[in-house]
Amino acid sequence: MINVEEALELVLECARAKTPKTVSLEQALGRVLAEEITSDIDSPPHDKSLVDGYAVLAADAKVTPVELTVNEEVTAGETPSLPVTTGTATRIMTGAPIPAGADAIVMVEQTESVEGQAADVRLAKQQVQGGQHIMRRATSLRRGEVVLSKGALVRPIEIGLLAEVGRPQVSVFPAPNVAVLSTGNELVPAGDAPGAGQIRNSNGPMLGALVQRAGGRHIDLGIGRDDQKSLSQLVGRGLEADVLVLSGGVSAGVLDLVPGVLASLGVAQVFHKVDLKPGKPVWFGVLADPKGDKLVFGLPGNPVSSLVCFELFVRPAMARLAGGSADRLATQSARLTNDHRHRGDRPTYFPARLRPVEGQSQVELLAWKGSADLRTLSSADCLAFFPKGERAYHAGDEIEVILFP
Ligand code: AMP
Ligand code: MG
């Protein structure tokens with residue numbers, strides 16, 4: 001049986017970034033840039049004032065207090081019409097261009113108007129440094145300079161930067177479409193009261209939410225019955241998406257029909273079963289398609305197994321399709337809060353809670369009652385990893401954890 005690292009490698013080899021698309025800034029949020037962005041402007045576009053105050057000659061303020069004649073007033077968006085010469089000043093607002101001649105700005109708080117002469121100003125006793133409160137043209141950006149690289153994630157900050165450099169449209173890698181199909185004769189929708197032998201479909205909504213959180217477009221295929229015809233029809237629809245995620249029907253039960261149905265629809269199996277707990281029966285395959293291969297994940301039906309397999313395999317694949325480089329698992333180390341005896345024939349991913357204690361990450365193992373225990377899982381925010389074998393861990397021992405983003 002292959003291990004988690006080998007399985008993830010196989011998944012990533014099959015996952016290629018989608019064809020880039022030009023979208024409006026509004027649609028670019030959360031996407032990865034498919035082009036390098038250069039600036040078409042200098043920023044600031046002119047030497048500008050960083051404060052509200054007076055543009056002066058620093059030499060005039062060698063000895064303060066001193067009185068100066070005010071030439072004019074310049075607000076942001078205007079341009080000065082008069083130079084500042086010795087004995088004069090220009091009233092200037094934050095962001096406005098510096099008048100010719102001026103080499104320092106004195107904050108308005110350090111000035112007072114001169115009684116009876118509204119146009120004049122007195123600079124209070126202070127030191128005035130040449131260049132003070134002036135931001136020189138192109139300090140933050142130079143025209144033609146690369147401001148964002150291909151592969152950068154577009155966050156709200158990048159949206160602002162793209163707007164600043166005149167890019168209302170940008171080329172990005174589109175979000176993957178991910179169809180989710182829950183299989184099982186026992187399943188009823190969340191809105192129904194389960195009858196004898198039935199349970200509600202919790203995986204479908206959970207996986208749909210995971211897809212959305214991971215930046216994908218969720219296509220809900222609902223519940224598939226465990227029969228060839230019903231599954232084939234729904235899987236056929238699912239194969240129109242970039243990724244199809246199924247839950248259930250991949251183990252060794254008599255109604256575990258998913259691998260057979262996928263094979264009959266031309267999906268080539270890449271692996272079935274991975275050395276891990278929970279989630280061993282996980283299935284992965286690919287349907288060749290000229291417009292981009294379709295990735296198909298058959299996750300085991302137990303909700304905890306489904307979640308673990310989503311985090312280990314589906315999320316990294318989605319990141320790759322979306323053009324991102326964050327396609328490795330987000331691991332970190334943390335210290336156990338309690339003693340723990342681990343005995344397992346497979347590497348184990350144990351739902352756990354991470355918390356900072358005195359500047360250190362500590363991980364608390366939860367009283368997990370098996371693979372179906374979503375309730376305990378709801379207080380988890382990471383998976384604690386234990387290699388296979390038997391070992392007694394002590395409180396304070398460092399282990400590896402995988403974060404839920
Ligand atoms: P399976 O992988 O189909 O053998 O299912 C394994 C276990 O997970 C069984 O106990 C199923 O009833 C349960 N299960 C399967 N699908 C779901 C689902 N969508 N929501 C909740 N539990 C499920
Ligand atoms: Mg089943």
Side-chain angles (χ1 to χ4, degrees), residues 1 7 178-214 216 218-235 237-238 241 243-265 267 269 271-285 296-315 346 348-351 368-378 380 383 404:
M1 212 182 322
V178 183
V180 175
L181 173 59
S182 308
T183 74
N185 285 337
E186 73 277 35
L187 302 178
V188 297
D192 288 8
Q198 295 182 322
I199 57 168
R200 294 200 179 96
N201 172 20
S202 50
N203 285 347
M206 176 180 73
L207 290 166
L210 284 164
V211 164
Q212 282 179 280
R213 264 287 170 84
H218 172 215
I219 299 159
D220 184 8
L221 296 179
I223 297 169
R225 301 283 137 221
D226 291 320
D227 72 73
Q228 207 85 25
K229 210 173 133 210
S230 146
L231 284 181
S232 297
Q233 194 231 331
L234 287 164
V235 167
R237 274 178 56 202
V243 180
L244 168 59
V245 176
L246 296 117
S247 94
V250 290
S251 306
V254 288
L255 286 181
D256 288 334
L257 307 175
V258 165
V261 166
L262 291 169
S264 74
L265 292 170
V267 183
Q269 176 183 313
F271 61 75
H272 188 188
K273 293 196 174 71
V274 175
D275 191 23
L276 93 132
K277 187 181 173 183
K280 178 171 110 176
V282 61
W283 190 100
F284 173 66
V296 182
F297 295 88
L299 311 185
N302 268 312
V304 180
S305 314
S306 272
L307 175 98
V308 168
C309 290
F310 183 94
E311 294 298 331
L312 295 180
F313 306 117
V314 184
R315 183 188 297 280
R346 282 173 275 150
T348 301
Y349 295 82
F350 203 103
W368 184 31
K369 300 175 196 77
S371 285
D373 186 3
L374 265 176
R375 183 192 167 182
T376 299
L377 195 64
S378 83
L383 299 171
F404 299 160

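Here the structure is a predicted model, which means the values were calculated and not measured. Both counts, for ligands and for their atoms, begin at 1 and track the order of listing.
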[X] [atom1] to [Y] [atom2] distance, which is reported to the nearest 0.5 Å:
| X | Y | atom1 | atom2 | result |
| --- | --- | --- | --- | --- |
| Thr376 | Lys369 | OG1 | NZ | 3.5 Å |
| Leu307 | Leu377 | CG | CG | 5.5 Å |
| Arg225 | Thr183 | CZ | OG1 | 10.0 Å |

Modelled atom types, side-chain donor and acceptor of Asn203 and Ser182, under 3.5 Å: no

Can you sort out the partners of Asp275 under salt bridge (charged side-chain N to carboxylate O under 4.0 Å, His left out), two or more places apart, ordered by chain and number? Lys388

I need the contact residues for ligand 1: any residue with a non-hydrogen atom closer than 4.0 Å to the ligand, ordered by chain then number. Ser182, Thr183, Glu186, Leu187, Ile199, Arg200, Asn201, Ser202, Asn203, Ser247, Gly248, Gly249, Ser251, Asp256, Pro300, Gly301, Asn302, Pro303

Classify the ring geometry of Trp368 against Phe350: parallel below 30°, tilted from 30° to 60°, perpendicular beyond 60°. perpendicular

